[in-house]
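Everything below concerns the one structure shown next.
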Amino acid sequence: MNAPRRWIAHLDMDAFYASVELLRYPELKGQPVVIGGGRRHQPELLPDGTRRFARLAGYAGRGVVTTATYAARDHGVHSGMGLMKAAVRAPEAVLLPTDFEQYRLYSRRFKAAVAELAPVIEDRGIDEIYIDLTDVPGAQEPLGHDPHGGVRALALEIKNNVRSATGLTCSIGVTPNKLLSKIASELDKPDGLALLTEADIATRIWPLPVRSINGIGPKAGARLMALGWKTIGDVAAQPRALLLEHFGRSYGAWLHEASHGRDDRLVVTHSEPVSMSRETTFERDLHAKRDRAELTTIFTRLAEQVAGDLQRKGYVGRTIGIKLRFDDFKTVTRDMTVETPTADASAIRLAAGLCLKRVDLSRRLRLLGVRVGTLQRAALLSSAPP
DNA sequence: TCTGGGGTCCTAGGACCC
DNA sequence: TCTGGGGTCCTAGGACCC
């Protein structure tokens with residue numbers, strides 16, 4: 001009997017936050033809508049029952065675009081962009097505040113809808129997952145003239161189940177591995193389904209820009225570009241030794257494998273958190289001396305928030321650290337390891353305060369964060385033996 | 001018009017230990 | 001003085017992702 005062909009799906013919700021907002025405000029369908037910024041732009045319910053929405057025009061502040069509808073993307077607005085810049089490109093776009101609770105609700109719903117059909121799921125955040133379809137009944141069967149018809153039908157069924165459970169569309173890539181599926185889910189977006197095998201790598205993957213690979217970010221992308229290697233195929237055409245020479249043993253070898261579409265990572269259905277943190281960017285830059293009272297209040301609140309997160313989720317941690325960002329955007333971190341793992345707000349605040357003393361605070365600050373790492377489950381922490 | 005917040009993983013040097 | 005070799009922990013920074 002033949003070994004089953006490995007089928008991994010990557011499912012990505014289409015413009016997730018924006019699409020959830022459109023369910024709530026269907027009158028915005030087709031309009032440019034941007035999600036992001038603070039809480040000061042809630043829609044206003046007018047006496048005649050209609051709503052008045054905030055527009056992007058005139059936005060002042062440090063927010064960024066979290067998600068934009070496809071109509072807003074047509075104006076050159078995309079996630080990560082500063083809202084001030086987005087306002088120049090699409091002043092008429094509707095601006096909505098982020099409502100993470102609502103998105104988490106829909107996240108649970110779409111994941112449950114997938115799990116009904118295919119239970120081996122790896123969480124990759126609020127709006128995407130990997131699914132191992134290999135052992136799902138029917139996935140190995142042909143259908144009519146289509147040798148991979150079974151797995152294609154399964155992917156369509158998953159899309160339909162997600163849509164009926166949430167009213168939302170998603171895009172799915174189905175391929176032999178996570179790396180290729182992640183790329184494939186983008187190929188047909190929105191509401192897409194792309195099924196690829198090794199035989200399609202040369203025609204469908206190699207023409208894509210290097211940045212399409214998950215793991216090649218702005219820095220590596222620029223370095224590859226400087227070498228004249230623009231597409232994945234360009235990288236795949238380089239001798240392995242040359243990649244090792246330019247990018248080191250580890251990353252170079254990975255680049256070689258990835259460009260050939262090879263990846264044997266498993267779908268991981270459970271993972272434990274490594275760290276938890278809270279951070280905040282101030283509305284204006286603060287100075288350690290002149291704004292001391294305000295900073296102290298924020299610092300303590302961050303410690304309390306992390307402590308609350310840890311306690312709610314049942315974790316304690318030994319590494320307590322801070323993160324500072326200065327007005328020149330330079331970022332520094334300091335951390336220390338404490339003897340007893342803790343989730344206690346005052347213990348965290350105390351250690352974080354010691355970390356802060358190790359930093360030169362002559363520049364003004366734009367961000368402050370508190371982090372607890374080296375986590376373990378609080379329940380596993382037995383009381384000290386006699 | 002400067003660039004959010006929450007994460008993971010990797011690297012690298014020094015301390016410390018055997 | 002003339003100094004191995006590993007292993008692990010701690011700390012800082014950086015790349016990358018959603």
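Convention: sequence-line order gives letters A, B, ...; per-chain numbering from 1. Note that these values count all heavy atoms, side chains included, but never hydrogens, waters or copies made by symmetry.
Taking the centre and axis of the six-membered ring of A/Tyr70, the NZ or CZ atom of A/Arg73 falls inside the cone set by 45° and 6.0 Å. Relative to the six-membered ring of A/Trp7, A/Arg5 meets both conditions, a distance below 6.0 Å and an angle of at most 45° to the axis.
Using the six-membered ring where Trp is involved, A/Tyr17 and A/Tyr103 have ring planes that are parallel, under 30° apart on the 30 and 60° scheme.
B/dT1 and C/dC18 have their P atoms separated by 31 Å, with the value rounded to a whole Å. C/dC16 and B/dT3 have their P atoms separated by 22 Å, given to the nearest Å. Annotation: C/dC17 and B/dC2 have their P atoms spaced 27 Å apart (nearest Å).
Taking only side-chain nitrogens and oxygens, A/Thr280 comes nearer than 4.0 Å to OP1 or OP2 of B/dG5. Contact between the side-chain N/O atoms of A/Arg124 and the OP1/OP2 oxygens of C/dC17 is not found at any separation under 4.0 Å. The side chain of A/Thr331 places no N or O atom within less than 4.0 Å of a non-bridging phosphate oxygen (OP1 or OP2) of C/dG13. Taking 4.0 angstrom as the limit, A/Ser275 places none of its side-chain polar atoms (N or O) nearer than this to OP1 or OP2 of B/dG7. Applying the 4.0 Å criterion to OP1 and OP2 of B/dG5, one finds that A/Arg325 has every side-chain N and O outside that range. Under 4.0 angstrom from either OP1 or OP2 of C/dA12 there lies no side-chain N or O belonging to A/Thr333. Regarding contacts with the backbone of C/dG13, a side-chain N or O of A/Arg334 is found under 4.0 angstrom from either OP1 or OP2.
Within 4.0 Å of A/Ile216, counting heavy atoms only, lie sugar-phosphate atoms of the nucleic acid but no base atom. Nucleic acid contact class of A/Leu302 (heavy atoms, under 4.0 Å, all strands): none. Across all strands shown, A/Arg358 has heavy atoms under 4.0 Å from sugar-phosphate atoms exclusively, and none from any base. As judged by a 4.0 angstrom heavy-atom cut-off over every strand, A/Ala220 is placed among residues touching the sugar-phosphate backbone only. Residue A/Gly215 is classed as a sugar-phosphate contact, given heavy-atom separations below 4.0 Å to backbone atoms only. Here A/Val274 lies in heavy-atom contact (under 4.0 Å) with sugar-phosphate atoms only. Here A/Met81 lies out of heavy-atom contact (under 4.0 Å) with every strand. Residue-level contact check: A/Gly61 touches the backbone only, with heavy atoms under 4.0 Å from sugar-phosphate atoms and none from bases. Across all strands, A/Val65 comes closer than 4.0 Å to no nucleic acid atom at all (heavy-atom distances). If you check every strand for non-hydrogen atoms under 4.0 Å, A/Lys85 touches a base. Backbone-only contact: A/Arg318 has heavy atoms under 4.0 Å from sugar-phosphate atoms and none from a base.
Both distances falling under 3.5 Å, in either a Watson-Crick or a G-U wobble arrangement, place B/dC18 opposite C/dG5. Both distances falling under 3.5 Å, in either a Watson-Crick or a G-U wobble arrangement, place B/dT11 opposite C/dA12.
Distance OH (A/Tyr17) to P (C/dC18): 12 Å, rounded to an integer number of Å. Look at CG on A/Leu324: it is 14 Å from P on C/dG14, rounded to the nearest Å. Atoms CG (A/Leu83) and P (B/dT3) sit 10 Å apart, rounded to a whole Å. Going from atom CZ of A/Arg366 over to atom C1' of B/dG4 covers 9 Å, rounded to whole Å. In this entry the distance linking CG of A/Asp327 with C1' of B/dT3 reads 14 Å, nearest Å. Distance, A/Arg371 CZ to C/dG13 P: 13 Å, rounded to whole Å. Taking atom CG of A/Leu368 as the reference point, atom C1' of B/dG4 lies 15 Å away to the nearest angstrom. Between A/Asp127 atom CG and B/dG6 atom P the separation is 17 Å, expressed in whole Å.
Both A/Pro273 and A/Asp328 lie close to DNA chain B; mapped to their nearest nucleotides by heavy-atom distance, the more 5′-ward contact belongs to A/Asp328. The residue among A/Phe100 and A/Ser250 whose nearest nucleotide of DNA chain B is located toward the 5' end is A/Phe100.
With B/dG6, C/dC16, B/dT3 as the candidates, the nucleotide lying closest to the side chain of A/Val64 is B/dT3. Distance from the side chain of A/Asp335 is smallest to C/dT11 among C/dC18, B/dT1, C/dT11. Comparing atom distances between the A/Tyr251 side chain and each of C/dC16, B/dT3, B/dG6 picks out C/dC16 as nearest. Side-chain atoms of A/Arg62 lie closest to B/dT3 of the nucleotides C/dC16, C/dC10, B/dT3.
Classification of A/Arg265 and A/Asp263 as a salt-bridged pair holds, one side-chain N sitting under 4.0 Å from a carboxylate O. Residues A/Arg318 and A/Asp335 are not paired through a salt bridge, judged by the lack of any N-O separation under 4.0 Å between the basic side chain and the carboxylate. Using a 4.0 Å cut-off between a side-chain N of Lys or Arg and a carboxylate O of Asp or Glu, A/Arg363 and A/Asp327 qualify as a salt bridge. By the 4.0 Å N-to-carboxylate-O rule, A/Glu157 lies too far from A/Lys159 to be salt-bridged with it. Ion pair A/Arg349/A/Asp344 not flagged as a salt bridge, since none of the NZ, NE, NH1 or NH2 atoms sits closer than 4.0 Å to an Asp/Glu carboxylate oxygen.
Under the stacking definition used here (centres under 5.5 Å, planes under 30°), the residue A/Phe329 fails to qualify as stacked on the base of B/dC2.
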